[in-house]
Amino acid sequence: MTGSAAPRARRSGTRTPPGTPLPRKFYDRDTAIVSRELLGAVLECRTPEGVASGRIVETEAYMGPHDPACHAAAGLTARTKHLFGPPGVAYVYFIYGMYWCFNAVTREVGHGSAVLVRALEPLDGEDLMRERRPKVKRRVDLTNGPGKLCLALGIVGAHNGGWLDEPPVRILAGEPVADADVVVTPRIGITQAADWPLRFFVDGNPFVS
DNA sequence: ATCCGGATCGCCT
DNA sequence: GGCGATCCGGATG
């Protein structure tokens, strides 16, 4: 007869053919699952200077108002407007007076959760990344951190609030990463909820921060 | 009006 | 491993 109900975790993401944008529904799920499944996907940014993209190898989940490390804990403000908006848009914020960080908003409107992309492995536009980061010597330093990857791809505040299935900033399906190759640890650089296991990365990948 | 801390990076020792 | 850069958001007076 008909098979039993399949597990829900991998519905949309891994079925999307590589190179095509992840559908908006992909993001409308538990934030830790989205964080895990974003590993292997491709973050791309198109600017007048050209296209730059990289394979996502490290992410962190920020779980909403009840997660003290999440910006949503401060409530709905001008800054967190898109964090509380629909899933599948970019939440880009400015930090430490000089860097941008890129997140993908997850879950339903009003929830306030997102996935921070912490590291990429360069794919297209590496020359452009070099032009944008002229002081970088080692290739790994191009994109092995949340501020660095935004500098390399050209992601800035103007991209805040944009849909992730259409330019200029998109996330495309890639080759899935097997569970055996995923490591889970506490998040980096935070003081609140510092022990929650919500950081995901590809085991052994040199671009992990 | 002012103060403080921050989901970081790069350079220093 | 430590610290300065440099600015914004949110809290307090």
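Being a predicted model, the structure only gives us computed values, none of them experimental. Residue numbers start from 1 in every chain, and the chains themselves are labelled A, B, ... in the order their sequence lines are given, proteins ahead of strands.
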With a 4.0 Å cut-off on heavy atoms, is [X] in touch with a base, just the backbone sugar-phosphate, or nothing at all?
X        : answer
A:Gly147 : sugar-phosphate
A:Asn103 : base
A:Ile190 : sugar-phosphate

Problem - Under 3.5 Å donor-acceptor, A:Thr106 side chain and A:Asp30 backbone - result: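 Side chain of A:Thr106 to backbone of A:Asp30, a donor-acceptor pair under 3.5 Å: no, none is there.
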
Exercise for the section: Please check if the side chain of A:Asn103 supplies one atom and the backbone of A:Val105 the other of a donor-acceptor pair under 3.5 Å. Expected result: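 No, because the side chain of A:Asn103 does not come within donor-acceptor range (under 3.5 Å) of the backbone of A:Val105.
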
Which whole-number value in Å describes the distance from [X] [atom1] to [N] [atom2]?
X        : N     : atom1 : atom2 : value
A:Met98  : C:dC8 : CE    : P     : 12 Å
A:Phe207 : B:dC9 : CZ    : P     : 15 Å
A:Arg118 : B:dC9 : CZ    : P     : 7 Å
A:Trp100 : C:dC7 : CH2   : P     : 12 Å
A:Arg199 : B:dA7 : CZ    : P     : 16 Å
A:Lys137 : B:dC9 : NZ    : C1'   : 15 Å
A:Tyr99  : C:dG4 : OH    : P     : 15 Å
A:Trp196 : B:dA7 : CH2   : P     : 14 Å

Exercise for the section: For A:Arg133 and for A:Thr191, find the nucleotide of DNA chain B with the closest heavy atom, then tell me which residue's nucleotide is more 5'. Expected result: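 Result: A:Thr191.
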
Practice task
Could you tell me whether the side-chain ring of A:Tyr96 sits stacked on the base of B:dT8, using a centroid cut-off under 5.5 Å and a plane angle under 30°?
Solution key: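 Yes, aromatic ring over the base.
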
Exercise for the section: Could you tell me whether A:Arg118 and A:Glu60 make a salt bridge, using a distance below 4.0 angstrom between a side-chain N and a carboxylate O? Expected result: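 Yes, this pair counts.
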
Practice task
Answer yes when A:Asp179 and A:Arg36 have at least one side-chain N-carboxylate O distance shorter than 4.0 Å, and no when they do not.
Solution key: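 Yes, charged N to carboxylate O under 4.0 Å.
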
Donor-acceptor pair between [X] and [Y] side chains, under 3.5 angstrom:
X        : Y        : result
A:Thr185 : A:Arg199 : yes
A:Glu58  : A:Ser209 : yes
A:Thr143 : A:Arg133 : no

Exercise for the section: Describe, in one word, how the ring planes of A:Tyr93 and A:His71 are oriented to each other, choosing from parallel (under 30°), tilted (30 to 60°) and perpendicular (over 60°). Expected result: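 If you compare the ring of A:Tyr93 with that of A:His71, the planes turn out perpendicular.
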
Practice task
Give a yes or no on this: more than 12 heavy atoms of other residues, nucleotides or ligands lie within 6.0 Å of atom CD of A:Glu175.
Solution key: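 Open.
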
Problem - N/O (side chain, A:Lys148) to phosphate O (OP1/OP2, B:dG10) under 4.0 Å - result: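 The answer is yes; a side-chain N or O of A:Lys148 sits under 4.0 Å from OP1 or OP2.
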
Exercise for the section: Using a cut-off of strictly less than 4.0 Å between a heavy atom of the residue and any atom of DNA chain C, enumerate the qualifying residues of residues 68-90 of chain A by number. Expected result: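 Nucleic-acid contacts, sorted: A:Thr77, A:Arg79.
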
Problem - Stem segments of DNA chain B by first residue number [Watson-Crick or G-U, under 3.5 Å, at least 3] - result: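 The stems that DNA chain B takes part in, listed by first number, are B:1-6 with C:7-12, B:8-12 with C:1-5.
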
